[in-house]
Every structure is written in C-alpha cells, then in structure tokens.
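Everything below concerns the one structure shown next.
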Amino acid sequence: MYEQKYIDREKSWLAFNARVLQEAADNTVPLLDRLRFVGIFSNNLDEFFRVRYAAIRRLSLSGISGEKYLGGVSAHQLIKDITEIVIQQQSESLRILGNIETELEAENILIINEDEITPDQECFLKDFFDQKLSPELVTIILNDLAEFPILKDTLGYLAVRLEMNTNDEVRYAVIEIPKTINRFVVLPSHDDKHYVILIDDVIRYNLKNIFNIFDYKSVSAHMIKITRDAQLDIDSDLSKSMLEKIATSVKDRRIGEPVRFIYDNLIEEDTLHFFLDKMKIVETDSIIPGGRYHNRRDYMSFPNLGRYDLLYKPNEPLPIPGLSLGGSILEKISKKDYLLHAPYQSFSYLTKFLREAALDPKVTSIKITLYRLAKNSQIISSLINAAKNGKKVTVQIELQARFDEASNISYAEQMQTEGIELIFGIKGLKVHSKICVIERIEEGKSRRYGFISTGNFNESTAKIYTDVTLFTCHQGILKDISKIFEFFDINYRVHRYKHLIVSPHYTRTKFIKLIDREILHALAGRKTHIKLKMNSLSDFKMIDKLYEASNAGVKIQLQVRGICSLIPGIPGMSENIEAISIVDNYLEHSRVYIFGNAGLTEVYISSADFMTRNLDGRVEVTCPIYDLEIKKELIDNFNIAWKGNVKVRYHSYKLDNKYKPRNHHAPFRAQLETYKYYQNKVSVLEQVPQKIN
C-alpha cells in the first residue's frame, strides 16, 4: 500500500491556483486574458488566506496539532509549508507579469511608472490628480497617534517614509489606495501607442504635493497589504434578528486578526519593522516579501484599450433547442424537461421563467433559494415584480454566503420592504441548494413548475461559470422541493424524499449506496463505471469508498477542478481511478454524477461537492435526471471533457499539474468542443421542418 493516503486539501488548493497561474503563463492564451488570470490568481489567494489559512492559524494557536483534521500534518507545520509555497508562487507570478508586460510593449501597450512620465503626460496627470485622485485620498501621519489605525484587508496601502531635515527625525505615514477609482489610468495615446499607469504611481509622482507642509529631505513610498481572518462571529443575543447579527458581524470583520502581511521587498528595513511592530504582526502570521504592486486582483479589470484581438473571442450564448424566449416557457416545460447549460446557452431562460411566473395570473406562489446574486440582480427584480402582482413569494436567502453577506443583507432588506417572505436559514446549516418551485392553478387544481441548478442564480457569473439547470414539471421532484421549504420553516422535522437527495440527512449515505452498488456489479462481473464531475473532493470517507470501488475493479473517472485529496493511479489503492482538472476560459462549476449501474445508467446533477461541509453541514440538493435526452446530453458533456487534451492537467500526489499529453492526436479543447456540440444541436433543429401550431 502506498504510504500516503490523502493529499492535504490546502496544498491541493494551492496546486489548483498554480493551474490558474499556468494560464497566465501560457502564450497561447490571448495577452489581455493572461493579465486576467494573474488577477484571478491573486484574488483566489486573498480569499484562501482570509478563510482557510486563517482557520489553520486558529487551530495552531489553540495548541491543537490538528493532524486528525488535516490528513496527518500538524497545523503548525502546515502554516510553514503554505507560506513557503506561496512565496514561491508569488515570485513566479511576478516573473509571469513581467513577461506579459514585455509582450504588451511589443503590442504598443506600455505600462509606465512615475519615473517614465513625459512632459505631455505630466499635464494630463496633474489635472487627473487634482480633480479626481486627490479628493479621494486618505493620508494618515502615524508617529504621534495614540492608536494605530485599522488597515482594511481589501485595500492596498503605500507605506511612506519621510526623512526630516531636523535632527534626522523619520516620520511615517500611510496612504490608502482608493477603490472608488479604477486602478489603471489610461493616458493619452501617442504615435499609435497606448500608455497606462497605476494610480499607485500617480500617488508616488505627487508625494511632494501631498506632504508639502513638511520640511523633509527625502520621501519614499512602498506598497503594503494586510489580510485578515474573515470568520464571522455571530452574536448569540436572542433579542436581535439574524439580519442584525450578520450585519454586525460583517462590520466586525474589518478588525479581524491579521493572518498575512505582504510588502514591497525594496522597502527600507526600519519602515518594515515600524509597521510590523505597530500592527502586531508576529511569526505565526504569513509575512511575504513581494513586488512593487500588490492587490494584483485588479488586473481582472485591466482596460481593453479597444484591443479585442488580444482577448478571447466571445461565444454568443446559444438557444436551447425547442425552448423559445419569445413564447411561454411554462407551456413548454409542461410537456417535457429542458436543460440549460450556461454559459454555452443563454441564462436568460431562467430570468424569463421568473418574469413569466411574476405576470401569469394563474401562478399563485414562488419559492426560491438564493446564495450569491449579481450586483444588479434581475432575479430580485422579478421576485419583487411577482410580489407586486399579488403572488406569495418566499425567499430563502443565505446571509452567510462568504464575502457576499453585505450584498445579501441589502437585497434582504429590499425584499422585506416589498412584502416578500424571507427565510434566513437554519442554525448551524448554510443553505447552498439552488432550487425554485412555483404553483399554478390549472383547471381548478394546483400544478407545480420549477428548476434545480448546480450554480447560483446570478446573471454575471453565469457568463463565465459552467453550470447546468434543469427545468421540470415533474410533480414528484417538485413536491420534494416543497418539502425542503417546509424543512426551512420547521427544521426539527426530517422529511423523506422520493426523488431528491438532500443534505445534511441523506447525501452521504445515498452516494455510498450508489458506489456500493457499482462494487457489487464489478464483483459479479457486470459492466460498471463511475464518472464524477465536481469542484472539490476532500471528504476522507468518500475517498476511502472510491478507493474500495477501485480495488473491486470499478473504473472511475474524476473531473475535479479544484481540491482533490484523493491520490489516483496507485497500485493496490487507486489503480482504477483517473483524475483530471480543466482550467480554461470558463470556470468549471457544475456537479454531475454518473453511475454505470450495469447498463442502466443513472445521472444526477447537484449543488454539492464531495466535501464534508457539503455532505454534513449544509442544505444541498442532488437531483436525478429522468429525461433520456438530457441524460445523454450530460454524459456526452462529460465524455467531451474527458477527451480533452488542451487545458487538461492530471491530479497526482506530486501536485505538479502535469498536462495531459496529446500523443499525436489533434488538439481537442473541451470547452470549445462543448460549444460546438451545442451549436450542432441548434443547426440540426434548424434543418428539421417545424410544425405550425
């Protein structure tokens, strides 16, 4: 037996983020999209430190080794390992960013700093600074303050050192880089060249103006950034509503314990020690030397400068064959199920469903769960519209959706004002399911319609996240959804479901039974296979069950985008398991579970990954697919991805993100081929004469 049974989930996650960085380094990726991947890498890392690293740090400080929870490594050692990996990745990201900037120069796009400003640009920047930037700046002189100011973990700061003319005194200051202004300032073009400067450097260029009341002989500014523990501490005060408790906790997050400090490695030694001392940064925090610029997540919003040739060509969302945005969606769904696969197909079908339900006089009620929403949500507008039209609207909104709490609180208050009934979840359980059911009076009887999804009801992320949504009129499935809403109301009663698999009560046991069935088929010599597509696989018990299936001869194919704690391909443990990860232009987000069942294949879509929190600590919904066409479509999608030999990496114990070899085969890029698959469905439909209603 191989000595290592699991891969640590934190290191596996860091390996996933390294795959994102690979996209930034890949010269087959359009140049401006490579900058976007640098931004995604940085944003991912910020969230990792605010959540996962912070949790391990709390474990370490508690004096608990944590080996039982962390797959055999102590929390203290894991903190050291993570810091070492991140320092290496940060160094690599700086190298990659430098290469991208060199290639941008060849395309006549120049990112300049304060030392490269020309006299012509000086006039433009003076006006920009005086009119736009200066009024937004928060500058604090630090030496004489009784209490050091709280630096926010979402912002970057310039740590300023002023060496005074009197008595060689050194004063320190901090300048907050404002979020209200785009980080990248586009300067007037010249000789067909585009010039961009970061506002950090505009501030540096104007340091003498900012500090002109001081008698100093030198001034310098280096960037620093702090990351804080993002855990919410929920008040137990019974007199407060859940809305009030979450709102207070989100505000308190700004003073969370620091867990990471990044600094420009050219900063003066005394300046660095001044800030570390004043901010009480200690060795148990991750102290990481970096480059001149931090918060590189802002590169996700780098201006395109009209250079669409340096971006991925957008694929227009396709129609769903047989389902029209112009006609009644409910009428179509009453006859058969339909599947929406975003972003390959238009997310507008989902908003159209809700808009139609809001206006339809026969619709009496709408019930929906909401987790993450778009900034200007059409979903919320449709639900408010429904309430105004006299429908009974019930919304379960998850106030603890990480980093979306403030947005969800705002939407909750808005919906409350409009008379929508709100459910704020269940103590100890996040509601992560993506479900909706409506009731409609037809011929004097109530009939249900609805949808179940693997992803959030969010028009913005639906453009880049791959997710599937089942529209159905299957009364058994929809009755089960109604039972889930009853559980939200009276959660001491555990319901039984005829069709859906619901966490936290049934998901783990049901999936174990499904795997056990495949094991029995294999032992009996019958055809058997398991094909699982998910975001993360880290639950040890589920991994052990997959190892057991592998040893029984079950062929297992895993598509796991992110964390994969399972080690595939090890003789005597997992020799029948292959595991891949696809990182490409779209974020692979759907969960699809396929069980061969001796030829009677069963297919499920789910909101749940194989993570302990999804199986035991959240309300999740897994839905069987009964429609044969949709079942085939999902199997086809899985097989297309499995055939891919571009953007596909292998999971392994080495965490080396080795690319799947082509072996003399033509390039086969799974996301592009999936789009072609749906294009073909549309073209086939167009060639078939349509019946006139």
Side-chain angles (χ1 to χ4, degrees), residues 112-119 121-181 183 185 197-228 254-255 258 260-283 285 287-295:
I112 64 171
N113 63 36
E114 74 275 16
D115 296 325
E116 299 168 305
I117 294 170
T118 66
Q121 293 165 343
E122 183 177 11
C123 182
F124 173 88
L125 284 173
K126 182 182 186 307
D127 184 64
F128 174 82
F129 180 80
D130 291 341
Q131 300 299 321
K132 293 185 179 180
L133 184 51
S134 180
E136 298 287 339
L137 289 183
V138 175
T139 305
I140 306 171
I141 307 299
L142 300 170
N143 296 60
D144 303 325
L145 291 181
E147 191 172 335
F148 197 82
I150 295 170
L151 302 190
K152 302 170 190 173
D153 70 342
T154 55
L155 297 180
Y157 293 86
L158 288 176
V160 179
R161 182 183 189 274
L162 293 158
E163 189 172 346
M164 313 305 288
N165 276 314
T166 307
N167 299 326
D168 291 327
E169 180 190 3
V170 175
R171 282 183 170 267
Y172 300 102
V174 66
I175 302 175
E176 183 179 297
I177 297 174
K179 287 180 68 177
T180 51
I181 302 174
R183 183 93 177 273
V185 182
I197 188 170
L198 277 76
I199 57 173
D200 321 24
D201 290 334
V202 179
I203 295 170
R204 287 187 176 100
Y205 190 69
N206 285 277
L207 287 175
K208 61 183 179 182
N209 294 329
I210 297 170
F211 297 103
N212 58 15
I213 65 169
F214 293 94
D215 181 23
Y216 62 86
K217 57 185 174 184
S218 69
V219 60
S220 62
H222 294 85
M223 197 168 180
I224 60 171
K225 172 182 171 179
I226 189 167
T227 305
R228 296 185 181 276
R254 70 188 182 89
I255 57 173
R260 178 180 61 156
F261 182 83
I262 307 176
Y263 62 92
D264 181 345
N265 58 15
L266 296 180
I267 196 170
E268 300 88 350
E269 195 74 19
D270 63 322
T271 308
L272 175 62
H273 286 297
F274 174 85
F275 278 88
L276 289 175
D277 179 58
K278 292 292 185 181
M279 297 174 70
K280 298 180 172 58
I281 305 290
V282 295
E283 287 186 3
D285 305 313
I287 301 172
I288 298 174
R292 180 181 173 90
Y293 309 103
H294 310 321
N295 269 1

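Owing to the predicted nature of the structure, the values given are computational and were not obtained by experimental measurement.
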Next item on the list: Can you sort out the partners of D264 under salt bridge (Lys or Arg N to Asp or Glu O under 4.0 Å), two or more places apart, ordered by chain and number?
Entry: none
Donor-acceptor contacts, no H, no angles, side chain residues 123-134, under 3.5 Å, sequence neighbours left out:
unit_1 : atom_1 : unit_2 : atom_2 : d
K126   : NZ     : D130   : OD2    : 2.9

Can you see which heavy atom on [X] is nearest to which on [Y], and at what distance?
X    : Y    : value
I112 : E116 : CA-OE1, 3.2 Å
L155 : N295 : C-ND2, 3.4 Å
R204 : L158 : NH2-CD2, 3.6 Å
G156 : M223 : CA-CE, 3.7 Å
I210 : I203 : CD1-CG2, 3.9 Å
A173 : I141 : CB-CD1, 3.8 Å

Does [X] come within less than 4.0 Å of [Y], counting only side-chain N to carboxylate O?
X    : Y    : value
R183 : D200 : yes
D144 : R171 : yes
E114 : R292 : yes

Atom [atom1] of [X] and atom [atom2] of [Y]: how far apart are they, to the nearest 0.5 Å?
X    : Y    : atom1 : atom2 : value
T227 : K225 : OG1   : NZ    : 5.5 Å
L272 : R161 : CG    : CZ    : 12.5 Å
N165 : D215 : CG    : CG    : 4.5 Å
H273 : I281 : NE2   : CD1   : 13.5 Å
K179 : K152 : NZ    : NZ    : 8.5 Å
L207 : S220 : CG    : OG    : 8.5 Å

Item checked: side chain to side chain contact (heavy atoms under 4.5 Å, CB included) evaluation trace for D115 with Y205 -> CA-CA 8 Å; D115 296 325; Y205 190 69; over 6 Å; no
Next item on the list: Report yes or no: do D201 and N113 form a side-chain donor-acceptor pair below 3.5 Å?
Entry: no
Checklist line | Exercise: do N212 and N209 side chains pair donor with acceptor under 3.5 Å | finding: no
Notebook entry, point to check: Name the one of T180, I177, I199 that satisfies side chain to side chain contact (heavy atoms under 4.5 Å, CB included) with E136?
Noted result: T180
Check: Name the one of I224, I175, I140 that satisfies side chain to side chain contact (heavy atoms under 4.5 Å, CB included) with Y157?
Finding: I224
Item checked: Close side-chain approach of V185 to L198, heavy-atom, < 4.5 Å -> no
Checklist line | Side-chain heavy atoms of M279 within contact of L151, under 4.5 Å | finding: yes
Note to self: Assess the residue pair L137 and E176 against the criterion (side chain to side chain contact (heavy atoms under 4.5 Å, CB included)); give the C-alpha distance rounded to whole Å, side-chain angles, the decisive distance to 0.1 Å, and a yes or no.
What the structure shows: CA-CA 6 Å; L137 289 183; E176 183 179 297; over 6 Å; no
Margin query: Test your reading of the model: is there a side-chain donor-acceptor pair from H222 to the backbone of Y263, 3.5 Å cut-off?
Written below: no
Next item on the list: Would you sort out whether F148 and F275 count as a side chain to side chain contact (heavy atoms under 4.5 Å, CB included), showing the intermediate values?
Entry: CA-CA 10 Å; F148 197 82; F275 278 88; 3.9 Å; yes
Next item on the list: Could you go through the side chain to side chain contact (heavy atoms under 4.5 Å, CB included) check for K217 and D168 one step at a time?
Entry: CA-CA 9 Å; K217 57 185 174 184; D168 291 327; 3.1 Å; yes
Next item on the list: Please work out which of the three classes, parallel, tilted or perpendicular, describes the rings of Y172 and F274, given edges at 30° and 60°.
Entry: parallel
